[in-house]
Amino acid sequence: MTLQWVAVATFLYAEIGLILIFCLPFIPPQRWQKIFSFNVWGKIATFWNKAFLTIIVLLIVLFLDAVREVRKYSSIPAIEKGLSSKPGAYEHAQMKLFRSQRNLYISGFSLFFWLVLRRLVTLITQLAIELSNKGVLKTQAENTNEAAKKFMEENERLKQLLKNYVNEEEHILEAENKKLIEDQEKLKTELKKTSDALSKAQNDVMTMKMQSERLSKEYDRLLKEHSELQNRLGKDSKKGL
């Protein structure tokens, strides 16, 4: 195995190891998201994108080269030509075919796992963000439910207070209404008494007026009789002289 294929195989083993580590069930996505959020990744983000594309290009080139090698050593004319020149050419051709197929698998799986690894990191990051948002939304929902529960309790308390206030107000209005009715009855009684007293006073005034008129007539009559008596006495005195 040449140096380049040793490097590709090592890269493949590293990819498999990373994928297995990422798939461990006891490491939550939030932990990986914290690791991915280190400042060092932000500093090498531009270099990492370029390196990712460069590795893809290299793996594609190696994969195409491995495909070419497989097609080369899989052709029957090439094998027959080798058999005519050397006795062990067939075994040598099969060995090269095996190596080219091995290189094809190594480069192909390396390319595939490299894309899978990139996608896996993206999905883990998105899953961690969604879980964090889920936790935030759950907390907000719980806070909203608690606030709604408090508002409902406050509403019930206000309704109860309003009901008690209305009942108390009704009792107060009923007591005031009863008091007003009693006052009205008292005023009616006093008004009746006053009316009776007024009527009696009017009757007394009429009686006194009638008595005064009779006394005035009697006085006039007595005054007239007195005048007549004086006149008679005067006449009698004149006759005696």
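Throughout, numbering of the chain's residues begins at 1 and tracks the sequence. Side chains are part of it too, since the values below use all heavy atoms of this structure and drop only hydrogens, waters and symmetry mates.
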Might you point out which heavy atoms bring Ser107 and Ala66 nearest each other, and give the distance in Å?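 Scanning both residues, the minimum pair turns out to be OG-CB, 4.0 Å.
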Output the distance between atom [atom1] ([X]) and atom [atom2] ([Y]), rounded to the nearest 0.5 Å.
X	Y	atom1	atom2	answer
Tyr13	Leu18	OH	CG	15.0 Å
Ile16	Leu20	CD1	CG	7.5 Å
Asn177	Glu182	CG	CD	10.5 Å
Lys179	Lys186	NZ	NZ	9.0 Å
Leu117	Ser110	CG	OG	11.5 Å

Once side chain to side chain contact (heavy atoms under 4.5 Å, CB included) is applied, do any residues pair with [X], and if so which ones, sequence neighbours excluded?
X	value
Glu176	Ile172, Leu173
Ile56	Phe52, Ile60, Leu111, Trp114, Leu115
Phe109	Leu12, Tyr105, Phe113

Looking at residues at least two apart in the chain, or sitting in another chain, which of them share a ring pair (Phe, Tyr, Trp, His ring centres under 6.0 Å) with Phe63?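 By the ring pair (Phe, Tyr, Trp, His ring centres under 6.0 Å) rule, Phe63 matches no residue at all.
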Result block: side-chain N/O donor-acceptor pairs under 3.5 angstrom for residues 187-207, not counting sequence neighbours:
unit_1 : atom_1 : unit_2 : atom_2 : d
Thr189 : OG1    : Glu185 : O      : 2.9
Thr194 : OG1    : Glu190 : O      : 2.7
Ser195 : OG     : Leu191 : O      : 2.8
Ser199 : OG     : Ser195 : O      : 2.9
Asn203 : ND2    : Ser199 : O      : 3.1
Thr207 : OG1    : Asn203 : O      : 2.8

Side-chain hydrophobic cluster, 4.5 Å single linkage: members besides Val61: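 Val61 clusters with Val57.
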Less than 3.5 Å apart, which donor and acceptor atoms pair up between the side chains of residues 149-159 and the rest of the protein, not counting sequence neighbours?
unit_1 : atom_1 : unit_2 : atom_2 : d
Glu154 : OE1    : Arg157 : NE     : 3.4
Glu154 : OE1    : Arg157 : NH2    : 3.3
Glu154 : OE2    : Arg157 : NH2    : 2.3

Are Ile106 and Phe98 in one and the same hydrophobic cluster, where Ile, Leu, Val, Met, Phe, Trp and Tyr link if side-chain heavy atoms are under 4.5 Å apart? no
Just to verify, which of Val116, Leu123, Val121 counts as forming a side-chain contact (heavy atoms from CB on, under 4.5 Å) with Arg119?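 The option that passes is Leu123.
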Non-hydrogen side-chain atoms of Leu62 and Asn103 separated by less than 4.5 Å: no
Thr144 side chain to Gln140 backbone, donor-acceptor under 3.5 Å: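 It does hold such a pair.
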Residue pairs, two or more places apart or on separate chains, that pass side chain to side chain donor-acceptor pair (under 3.5 Å) and touch residues 58-71: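 Qualifying pairs, neighbours excluded: Asp65-Arg68.
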What residue pairs, at least two apart or across chains, pass salt bridge (charged side-chain N to carboxylate O under 4.0 Å, His left out) with a residue in residues 207-230?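 Only Glu218-Arg221, Arg221-Glu225 qualify under salt bridge (charged side-chain N to carboxylate O under 4.0 Å, His left out).
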